[in-house]
Amino acid sequence: MYKKINKEEIVKKLDGKSSISKWYDWKWQLKHSIKDIETLESVFDVELDAKDKKSMQKTIEQFPFAATPYYLSLIDIGDYKNDPVYKQAVPDIEELNLTNCDMSDPLHEDHDSPVPGITHRYPDRVLLLVSNVCSMYCRHCTRKRKVGDMDNIPDKETIMNGIEYIKSHTEIRDVLLSGGDPFLLSDDYLDWILSEVKKIPHVEVIRIGTRTPVVLPQRITDNLINVLKKHHPIWINTHFNHPKEFTEESKKSISRLADAGIPLGNQSVLLSRVNDCPKIMKKLVHNLVANRIRPYYLYQCDLSEGLSHFRTPVGKGIEIIESLIGHTSGFAIPRYVIDAPGGGGKIPVMPSYLISWSQNKVILRNYEGVITTYREPDNYKTQLCDDDCDNCNLHLNLDGVVDYNSVGITKLLSDTNDDISLTPDNNQRIERREGEETENEDKIEKISNSIVHHGKNNNRVYLMKLDHTDVPHIFTSLYDLAYKNRYGKIIAKVPTTSYGYFLENDYIREAHVPGFFKNGENLYFMSKYLNENRKNEPYEEIIESVLYNSKNVDTYNLRKLADQFKIRVCGESDIEEMASLYEKVFETYPFPIHDENYILETMRENVIYFGVWHDDQLVALSSSETDRENMTSEMTDFATDSEYRKTGLASLLLKAMEVELKKRNFRILYTIARARSQGMNKAFARNKYEYTGTLTNNTNIFGNVESMNVWYKNIL
Ligand SMILES: *Cc1c(COP(=O)(O)O)cnc(C)c1O
């Protein structure tokens with residue numbers, strides 16, 4: 001039998017003189033919050049077991065107790081121990097059970113806090129803590145460690161510092177006011193905070209997280225609504241956990257907010273014995289949407305201290321989501337998330353609907369268990385995105401789009417980013433492999449008077465310098481060397497006079513550089529494959545598309561870029577900074593380019609390094625490997641700090657390199673660029689280099705043998 005406590009009786013008990021009208025005054029509710037066991041007993045009109053009382057008291061000493069008379073009035077006195085409101089509001093001895101996975105700050109909110117009161121975890125939005133008090137201390141609060149911590153009440157100065165932080169970070173477009181409960185601040189104070197945040201030009205939306213509609217609906221007054229309306233666009237997320245929390249009063253407060261044009265969302269926490277039931281959840285989300293609140297998140301209970309008795313297995317959440325998707329309105333389904341311990345942010349989890357996948361078919365299952373096939377298109381035209389929005393043929397009006405840098409899987413999916421894997425720091429496997437690689441490093445050797453480079457790393461023989469006296473006997477030597485070591489490819493750089501011999505010996509021409517040698521002869525890249533696999537290009541379509549896009553690009557207005565950056569030839573005093581940028585950009589590289597000694601040696605020998613600085617910080621590098629005999633130079637080792645990665649800087653570097661090399665009387669510039677790198681190929685095309693061919697499966701970069709494009713430019 002549902003037994004309710006009568007409002008009038010509560011008012012009388014708590015505040016003898018007052019009439020029931022006081023009930024509707026939020027300040028009265030706050031002032032008469034129940035904070036001790038005796039008052040609780042009196043309000044409930046029950047006598048708690050002495051043992052229960054003692055343990056409750058012990059809990060309160062660790063985690064304070066407070067609940068509004070309104071919220072407690074929802075409890076069914078007849079069965080209070082099983083009541084979901086009681087469980088959320090009243091201390092339980094189980095809170096003192098610490099398990100070994102409990103943490104005081106599982107979400108690392110304090111670690112991700114650049115200034116007090118700010119948690120900056122995601123690229124474009126921050127949490128601003130504006131209050132640390134609540135009208136009710138939820139027993140399942142993730143910030144239990146902060147509850148009632150009087151030393152941590154953010155004052156005006158702290159909040160202002162947070163606002164200054166937001167001002168100086170133009171990437172922040174969404175500010176979440178949180179706490180504590182921001183609605184426990186006075187209207188005027190809230191008005192001040194909202195005005196200050198609103199003044200920041202790059203802030204597009206303000207969000208407020210509040211549980212007052214659930215635990216103190218009286219707070220949503222006309223005056224508060226008027227304050228909020230001044231600062232649109234304002235979004236509000238509230239926190240209903242159980243259908244029972246919908247009352248006439250909470251519904252009225254919600255409808256005032258909705259009528260003020262505020263989009264409303266709800267963040268529930270999955271709690272054992274409170275709402276860990278598909279039927280309760282379905283009723284809850286139906287109540288939410290019927291009251292114009294969109295279910296936003298369903299949280300897996302965090303690993304904060306004192307919450308172990310509330311936690312459910314993740315499977316319970318997935319089961320709940322399974323019972324919702326397809327079975328009810330799409331907009332009634334929250335996203336079930338686990339807030340990653342250690343500060344990784346919210347990670348969505350859900351049942352799997354993708355059952356299998358082949359080259360052109362996807363097998364899916366629906367909510368009823370029907371298994372279905374989706375046939376993928378055969379004629380989809382690969383569209384590579386090179387992040388060059390100015391020249392995009394989709395004709396989007398992208399004015400003012402921030403050039404953002406992708407991270408995570410998005411980065412791996414990107415067509416312009418060269419990274420092929422994400423590897424955690426201190427990965428033992430990679431460390432082991434690096435040890436091996438030095439042993440396996442390709443060797444430079446002499447065959448008669450010619451120089452070859454060969455080894456397992458690139459799995460090929462590379463004839464770097466052919467001496468004409470070695471033709472034709474060198475063909476047998478090259479082949480034997482490759483055959484014996486089971487290399488897949490021989491590649492030779494040869495001048496015009498030897499070109500015919502290589503053709504006769506079944507070498508194919510892959511690329512060339514006209515007029516490369518000082519006597520005017522051309523340089524040819526001649527290849528022979530020892531197996532079909534090595535000859536096969538797996539990325540043919542992509543490589544074609546990269547070239548197509550490169551050749552059809554407008555010339556670039558570099559002047560705008562040049563104004564923002566400083567470019568110059570690097571000197572020996574720059575080496576430390578250079579090594580650390582190379583180290584940061586290239587996890588692995590064919591040469592020890594992040595080694596300061598290596599840079600110094602090459603700098604003293606034949607390599608000219610170029611750097612781009614932004615605000616005194618080195619952000620991009622490249623090098624010119626010169627051949628003074630022929631007065632040619634290979635343009636190579638391009639590296640851009642990931643925060644500055646866009647095609648512009650490579651183009652800018654190339655331009656500056658050309659100017660410098662021309663001054664030093666070099667004649668021919670060329671490059672061997674990764675064939676799949678849209679950014680690099682475009683940069684050479686923009687600087688009017690000419691493409692002469694692709695060296696198939698030629699060079700090991702980042703652990704894989706890749707095809708390379710040859711581009712050259714005569715600057716005489
Ligand atoms: C949840 C959260 C946000 C907001 O995330 P959304 O997915 O945009 O709702 C921002 N910052 C922190 C620290 C958060 O925990």
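When a ligand or atom number is given, it counts from 1 through the structure's own listing order.
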Next item on the list: Please report the shortest heavy-atom distance between T221 and R256, naming the atom on each side.
Entry: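 That closest heavy-atom pairing would be CA-NH1, 3.7 Å.
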Note to self: According to salt bridge (charged side-chain N to carboxylate O under 4.0 Å, His left out), who are the partners of K167, at least two apart in sequence or on a separate chain?
What the structure shows: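 Partners of K167 under the salt bridge (charged side-chain N to carboxylate O under 4.0 Å, His left out) test: E164.
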Next item on the list: At a heavy-atom distance under 4.0 Å, which protein residues reach ligand 1? Sort them by chain and number, would you?
Entry: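 Ligand 1 pocket, heavy atoms under 4.0 Å: T119, R121, Y122, R125, L127, L176, R207, Y296, Y297, K346.
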Next item on the list: Output the distance between atom CG (L190) and atom CG (L228), rounded to the nearest 0.5 Å.
Entry: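 It comes to 6.5 Å.
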Note to self: Using 0.5 Å steps for rounding, measure from the OH atom of Y299 to the NE2 atom of H239.
What the structure shows: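 Atom-to-atom, Y299:OH and H239:NE2 are 9.5 Å apart.
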Item checked: Sequence-distant partners of D83, side-chain contact (heavy atoms from CB on, under 4.5 Å), two or more places apart ->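 Checked D83 against side-chain contact (heavy atoms from CB on, under 4.5 Å); matches are I75, D76, V85, Y86, K244.
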Check: Taking only residues two or more places apart in sequence, or in another chain, which ones meet Y189 in a ring-ring contact (aromatic ring centres under 6.0 Å, His included)?
Finding: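 Scan of Y189 (ring-ring contact (aromatic ring centres under 6.0 Å, His included), adjacent residues dropped) gives W192.
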